[in-house]
Every structure is written in structure tokens, then in C-alpha cells.
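Each remark here refers to the structure printed beneath this line.
Numbers restart at 1 for each chain; the letters A, B, ... are given by sequence-line order, proteins then strands.
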Amino acid sequence: MPELPEVETVMRGLAARLQGRRIVRADMRRADLRWPVPSGLAAALTGANVASFARRGKYILMRLQGGDSLLLHLGMSGRMIITPPGPAAPVLHEHFVMQTEDGFRIALVDPRRFGSLDLLPTSEEASHPLLAGLGPEPLGPDFTAAKLSAALAGRRTPIKAALLDQRVVAGLGNIYVCEALFRARISPRRLAASVAGARAARLVPAIVATLTEAIAAGGSSLRDYVQPSGELGYFQHAWKVYGRAGAACELCPGKPACSGISRIVQSGRSSFFCPRSQR
DNA sequence: CAAGAATCCTGTCAGC
DNA sequence: TGCTGACAGGATTCTT
């Protein structure tokens, strides 16, 4: 579920609740997530003071005073739930729980257990195996048309698959790739290597705008990033193509030649696009 | 080497 | 109502 905008919103919500506070207890309920969670992780967090948060692609980093970082990935079905002090009803698939000194519970709920947790020295974040190979941050200064073209050069795979490759650019998932390609009027089937020049020059700002607007929607639709349910970072968004097969295409109003939004499958995943306006 | 398929796991939903 | 199969926003590992 969570792509860069959702992860960013979750991170901000966690920061609002945890930054500058002390974790008085931490419990690993299930350590068999995507990879086995290190056995000492909960003990290392217990009593720790939270210094700051950062995000890299779809990964969240929680930096502790004392020099360690918690690395968190939500996978497909991971959510963070914040509940205020008081009795808490049991929640299914609650694999990791932290409690702050002011009595709030912060829990990782992940039915499919594709998420991951790890603990590492803050000084070694950049060389961590899960982070070292990531491409540029799409909202950072290194994400330019020239650099994207260079990363795509020679790639004989569809642009859709290339943009899902976290080594090309970090943080995009199936939804935002579909939305950004629509915005840039580029077919998901187009050969990645052919996305250069004017197309790359359209694609970069299309990705930036798509992600920026989604983050803004998340922050504005949730009060302090927390829904009434306590859930962080998930928000309704008006997708233009994702999940809208058969719907009218906004780029071709009144054009009889436009048959609307199509759904195709590429490398086992759904792609939604307008075959008329996306080339 | 690169590209696509298979894989981990559970929940949900459409169709019968 | 209950069963079955397809599918889900991720990312690694295996095959070709």
C-alpha cells in the first residue's frame, strides 16, 4: 500500500508523537516479518530517547539518542496505529508496539508481514544493504531529467517497470507510476531507453508534482496526520487513472477516438493508462 | 547481465 | 450463505 507520499505522512505523524520523547517500553509480538527482526531490537528501544526522523524512499528511519537508528518498511499491508493512554482493544496482526512516557501506544500492524524492522548504527545508514542501492530521492536535488535519462539509457524494459525499480528512483510504487505517466502523457509500454529529451523533461516534473500533491493531500486531510481511528498516513486521493478502467480520460474530453482508461498487466502488475493520449 | 516469473503472507471481493 | 479463485499499493530471489 504505502508509497512515498504515504510513508512521508506516516513519518511526520510518528515524529509528531515520538520526537523528543522517551520510549518506556517496546514489545516484539512477532519477529518473523519480511526478514527475522534482530532479537535485541525491542530491548535496545526500551528507555531510548527519540532524537529525529528521516525517510529514504519507502523506508522510515527513527534516530535515537545514543547512536542507533530503527529502520522501518511497511511492505504491502503495514500500518502504524497511534492510540492515546487508556485501555486498548486487542488488534489483530499487531507485531510491534512501543509506548511513550506520556502513555501513547505506537503499533505496527501488518497482516501480510511483508514489512521489515532493523536496528543499525546511525552512522551506517548510508551503507545499510536495504538503503545503499536506492536511486535518487524524487523530491531531492539529484532527480533531474538528465540523470533520469542516464539511468534509463540502454534499458530494454517498459518505462513502467523501470520506474518501479527502486535503483532508478526511490519511493515510487504502482499507483504513483501510473499517475505520473498519465500526467507526463507517456505510455507505460514505452521502452525505458526511449524516455529521454522532451519526454524525460516532462516526466520528472510530472513525478514531482504527483508526489507533492499527494503528500499535501495527506497532510491536509488528516488532522496532524492521524485519523480518528489512530491510523497514520492513509488518505483518500482522487486518482486519475489508477483503478479506473473504463472511466473517461481527463486528457481527451469529448474525443470519440478516446476509449477511456485501459487496464493492462505488465510484469504481473496492473497498469492503467489512456492509450490515445499516452505515447 | 538484464528481464520476467515466482515467491513470501493474509484479507477482500466477485462470481458461482 | 459458503466456497473458490483472482487480486492487492513491495521487493527479493530464482530462472531464462
Side-chain angles (χ1 to χ4, degrees), chain A residues 1-11 29-37 55-60 71-81 91-96 108-118 128-135 138 150-182 188-195 207 210-211 213-215 217-218 229 231-246 263-273:
Chain A
M1 300 204 175
E3 303 182 33
L4 187 151
E6 290 77 25
V7 174
E8 177 71 22
T9 306
V10 169
M11 185 205 72
R29 305 277 176 79
R30 276 200 81 149
D32 54 335
L33 303 184
R34 179 72 169 82
W35 294 283
V37 177
R55 180 189 55 73
R56 182 75 176 92
K58 299 172 193 171
Y59 292 90
I60 290 172
L71 181 64
L72 164 69
H73 192 286
L74 296 169
M76 290 269 272
S77 60
R79 296 169 295 151
M80 297 301 298
I81 310 281
V91 176
L92 216 53
H93 307 302
E94 196 178 69
H95 305 316
F96 178 63
L108 168 65
V109 175
D110 183 10
R112 292 172 77 177
R113 286 185 282 125
F114 288 176
S116 58
L117 286 170
D118 200 5
H128 189 281
L130 294 172
L131 303 180
L134 293 178
L152 297 174
R155 283 206 165 228
R156 308 197 60 78
T157 190
I159 184 66
K160 167 75 187 303
L163 293 176
L164 286 173
D165 186 338
Q166 303 296 298
R167 296 169 300 185
V168 171
V169 54
L172 294 180
N174 205 34
I175 292 178
Y176 293 105
V177 168
C178 290
E179 295 294 321
L181 286 172
F182 177 72
R189 294 195 272 221
R190 171 171 284 278
L191 203 64
S194 75
V195 177
I207 290 171
T210 301
L211 296 176
E213 288 175 13
I215 291 170
S229 63
E231 191 169 331
L232 274 177
Y234 293 78
F235 39 91
Q236 289 292 354
H237 197 89
W239 313 122
K240 296 188 185 306
V241 289
Y242 184 82
R244 303 196 64 217
R263 174 186 180 271
I264 61 172
V265 175
Q266 295 179 286
S267 49
R269 321 214 35 200
S270 294
S271 294
F272 298 89
F273 72 115

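- Straight-line distance from the CG atom of A:Leu4 to the C1' atom of C:dG10: 14 Å, rounded to whole Å.
- Between the side chain of A:Glu231 and the main chain of A:Arg79, no donor-acceptor pair closer than 3.5 Å is present.
- In summary, A:Arg155 and A:Asp165 engage in a salt bridge, as defined by a charged side-chain N under 4.0 Å from a carboxylate O.
- Between A:Leu131 atom CG and C:dG10 atom C1' the separation is 15 Å, expressed in whole Å.
- Distance CZ (A:Arg79) to C1' (C:dG9): 13 Å, rounded to an integer number of Å.
- Between the CG atom of A:Leu163 and the P atom of B:dA3 there is a distance of 13 Å, rounded to whole Å.
- Across all strands shown, B:dC9 has no partner, as no Watson-Crick or G-U wobble contact with both distances under 3.5 Å is found.
- C:dG10 atom C1' lies 15 Å from atom CD1 of A:Ile60, rounded to whole Å.
- Rounded to an integer number of Å, the gap from CD of A:Gln266 to P of B:dG4 is 9 Å.
- The nucleotide whose nearest atom lies closest to any side-chain atom of A:Pro111 is, among B:dT10, C:dA11, C:dG10, B:dT10.
- Between the A:Glu3 side chain and the A:Leu211 main chain, no donor and acceptor come within less than 3.5 Å of each other.
- Taking every side-chain heavy atom of A:Trp35 into account, C:dT12 is the closest of C:dT12, B:dG11, C:dG10.
- Phosphate proximity of C:dG10 to A:Arg269: present, with a side-chain N or O under 4.0 Å from OP1 or OP2.
- Ranking C:dA8, C:dA11, B:dT10 by closeness to the A:Met76 side chain, first place goes to C:dA8.
- Within the nucleic acid shown, A:Arg155 comes within 4.0 Å of sugar-phosphate atoms alone, with no base atom in reach, counting heavy atoms only.
- No side-chain donor-acceptor contact under 3.5 Å links A:Asp118 to the backbone of A:Leu71.
- Each of A:Arg167 and A:Gly268 was matched to the nucleotide of DNA chain B holding its nearest heavy atom; the match closer to the 5' end belongs to A:Arg167.
- Comparing C:dC14 with B:dC9, their P atoms sit 15 Å apart, to the nearest whole Å.
- The shortest distance between the side-chain N/O atoms of A:His93 and the OP1/OP2 oxygens of B:dC9 is not below 4.0 Å.
- Taking 4.0 angstrom as the limit, A:Arg113 places a side-chain polar atom (N or O) nearer than this to OP1 or OP2 of B:dT10.
- For A:Phe114 and C:dA11, the ring-to-base geometry does not satisfy the stacking test (centroid distance below 5.5 Å, interplanar angle below 30°).
- Within the structure, a side-chain polar atom (N or O) of A:Thr157 is placed less than 4.0 Å from OP1 or OP2 of B:dG4.
- Under a 3.5 Å cut-off, the side chain of A:Glu94 and the backbone N or O of A:Val91 do not form any donor-acceptor pair.
- The A:Tyr59 side chain lies nearest to C:dT12 when the options are B:dG4, C:dT12, C:dG9.
- Checking side-chain atoms of A:Lys58 against main-chain N and O of A:Gly75 turns up no donor-acceptor pair under 3.5 Å.
- A 3.5 Å limit on both hydrogen-bonding distances identifies no Watson-Crick or G-U partner for C:dG9.
- Regarding contacts with the backbone of C:dA11, a side-chain N or O of A:His73 is found under 4.0 angstrom from either OP1 or OP2.
- If you measure from atom NE2 of A:His128 to atom C1' of C:dT12, you get 14 Å, rounded to the nearest angstrom.
- A close approach under 4.0 Å does not occur between any side-chain nitrogen or oxygen of A:Tyr176 and OP1 or OP2 of C:dG9.
- For the pair A:Arg112 CZ and C:dA11 P, the interatomic distance rounds to 12 Å; values are reported in whole Å.
- For C:dA8, one of the phosphate oxygens OP1 or OP2 lies less than 4.0 angstrom from a side-chain nitrogen or oxygen of A:Ser270.
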